[in-house]
Structures are given as structure tokens and as C-alpha cells.
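The block underneath contains the structure these notes are about, expressed in C-alpha cells.
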Amino acid sequence: RVHLVESGGGSVETGGSLTLSCAASGDTYSRNCIGWFRQAPGKEREAVAAITGPGQITYYADSVEERFSISRDHAKNSVYLQMNSLQPEDTATYYCAAQDLCALSGGRWPTQALYDYWGQGTQVTVSS
């Protein structure tokens with residue numbers, strides 16, 4: 001089983017940056033594919049980015065591809081989401097999630113049902 005805890009959220013102005021962290025525990029962490037999702041008030045949760053277990057392959061939503069970067073540090077059992085040029089539409093609660101069996105390729109990475117474990121979320125607010 002994998003336990004996930006997000007941190008790093010906060011309030012920034014338009015154009016600012018934040019780095020979210022997802023700290024993971026569990027004996028399968030190094031093999032788990034990890035995704036970041038977000039949910040804005042009144043909207044459905046959407047996929048933001050994902051990364052494979054070894055960390056060589058990453059995926060991004062079109063809306064963030066030029067601004068966000070996902071990475072992982074196995075020594076720290078953590079996955080990060082660097083967010084630059086933040087816009088008010090990025091305001092949301094951000095969640096990290098892990099898959100027991102990696103299924104990111106072939107367009108599957110945004111599929112929430114394929115993620116087995118979820119964190120509690122961290123709030124990001126971007127003011128104009």
C-alpha cells in the first residue's frame with residue numbers, strides 16, 4: 001500500500017511560481033507511476049501531469065505543458081510539480097495519486113480510475 005501526502009500549496013499572484021511535493025511511503029513506491037490532478041470549485045477533477053516509476057517518461061495536460069514540470073526523487077520518496085507562470089485558472093486543490101500497476105501510455109495517464117491511492121490535496125490559489 002502507498003500513502004501520499006501533498007504539500008507546498010499556497011497563494012500567489014498571477015505569473016508566480018509554486019512547487020508542490022508529494023511525499024510517499026510504501027514498499028512499492030519506486031515502481032509506482034504517480035500523477036498530479038486538480039479540482040477547481042464547481043468543476044470536475046482533471047489530470048495535470050504524470051511520471052513513470054523510474055522517472056524517464058512524463059505526461060502533461062495541454063493547458064500546463066509549457067508551464068509545469070513533474071519530477072521525482074527516489075532518495076526522498078517524493079514527486080514534485082513545479083508550476084511556473086501561474087494563472088487564476090490554475091486555482092484548485094491539487095492531488096497526487098499512485099498506480100500499483102503503471103498504466104500511463106496509450107493515452108491512459110489521465111484516467112483517474114487507474115490510480116489506486118490518493119492524497120488529501122493541497123490548495124493553490126492564484127490571484128489576478
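In this chain, residues are counted from 1 in sequence order.
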For residues L4 and Y95, determine if any side-chain heavy atom of one lies less than 4.5 Å from a side-chain heavy atom of the other.
no

I need the minimum non-hydrogen distance between A61 and A47, along with the two atoms involved.
CB-O, 3.5 Å

In Å and rounded to the nearest 0.5 Å, what is the OH to CG distance from Y94 to L18?
9.0 Å

Taking the side chain as everything from C-beta on, heavy atoms only, tell me whether L104 gets closer than 4.5 Å to Y59.
yes

Heavy-atom count around E89 CD within 6.0 Å, excluding the residue itself: above 12?
yes

Quick check: do H74 and R72 have side-chain heavy atoms less than 4.5 Å from each other?
yes

Inspect the contact between D116 and R1 and indicate whether a charged nitrogen and a carboxylate oxygen are less than 4.0 angstrom apart.
no

With a 3.5 Å cut-off and no angle check, do the side chains of Y117 and D100 form a donor-acceptor pair?
yes

Parallel, tilted or perpendicular: ring planes of Y115 versus F37, cut at 30 and 60 degrees:
perpendicular

Ignoring hydrogens and geometry, is there a side-chain-to-backbone donor-acceptor pair from T58 to I70 under 3.5 Å?
no

Are a donor atom and an acceptor atom from the side chains of S17 and N84 found within less than 3.5 Å of each other?
yes

Step by step, would you call T19 with Q82 a side-chain hydrogen bond (donor to acceptor under 3.5 Å, both in side chains)?
CA-CA 4 Å; T19 300; Q82 173 68 44; 2.4 Å; yes

Quick check against the 3.5 Å criterion: does D73 have a side-chain atom that pairs as donor or acceptor with the backbone of A75?
yes

Any side-chain heavy atom of V48 within less than 4.5 Å of one from L81?
yes

Please report the closest heavy-atom contact between S21 and W36, naming both atoms and the distance.
O-CH2, 3.7 Å

Sole residue of V124, T91, V64 in side chain to side chain contact (heavy atoms under 4.5 Å, CB included) with R38:
V64

As a test of understanding, state which of Q39, Q123, Q120 forms a side-chain hydrogen bond (donor to acceptor under 3.5 Å, both in side chains) with T93.
Q123

Measure across C33 and G53 and return the closest heavy-atom pair with its distance rounded to 0.1 Å.
SG-N, 3.8 Å

Show your working on side chain to side chain contact (heavy atoms under 4.5 Å, CB included) between L20 and M83 and close with a plain yes or no.
CA-CA 8 Å; L20 305 182; M83 305 186 296; 3.7 Å; yes

Reported CD-to-SG distance for the pair E6 and C96, which is rounded to 0.5 angstrom:
4.0 Å

Tell me, with the steps shown, if I57 and I51 meet side chain to side chain contact (heavy atoms under 4.5 Å, CB included).
CA-CA 6 Å; I57 302 174; I51 190 167; over 6 Å; no

Taking atom CD of E13 and atom CD of Q87, what is their separation to the nearest 0.5 Å?
12.5 Å

Looking at every heavy atom in both K76 and S78, which two are closest together, and how far apart are they?
O-OG, 2.9 Å

Answer yes or no: is there a side-chain heavy-atom contact under 4.5 Å between S7 and T122?
no

Can you confirm whether Y80 sits close enough to C22 that some side-chain heavy atom of one is under 4.5 Å from a side-chain heavy atom of the other?
no

I would like to know whether R67 and Y60 meet side chain to side chain contact (heavy atoms under 4.5 Å, CB included); could you show each step before the answer?
CA-CA 10 Å; R67 302 182 294 121; Y60 296 95; over 6 Å; no

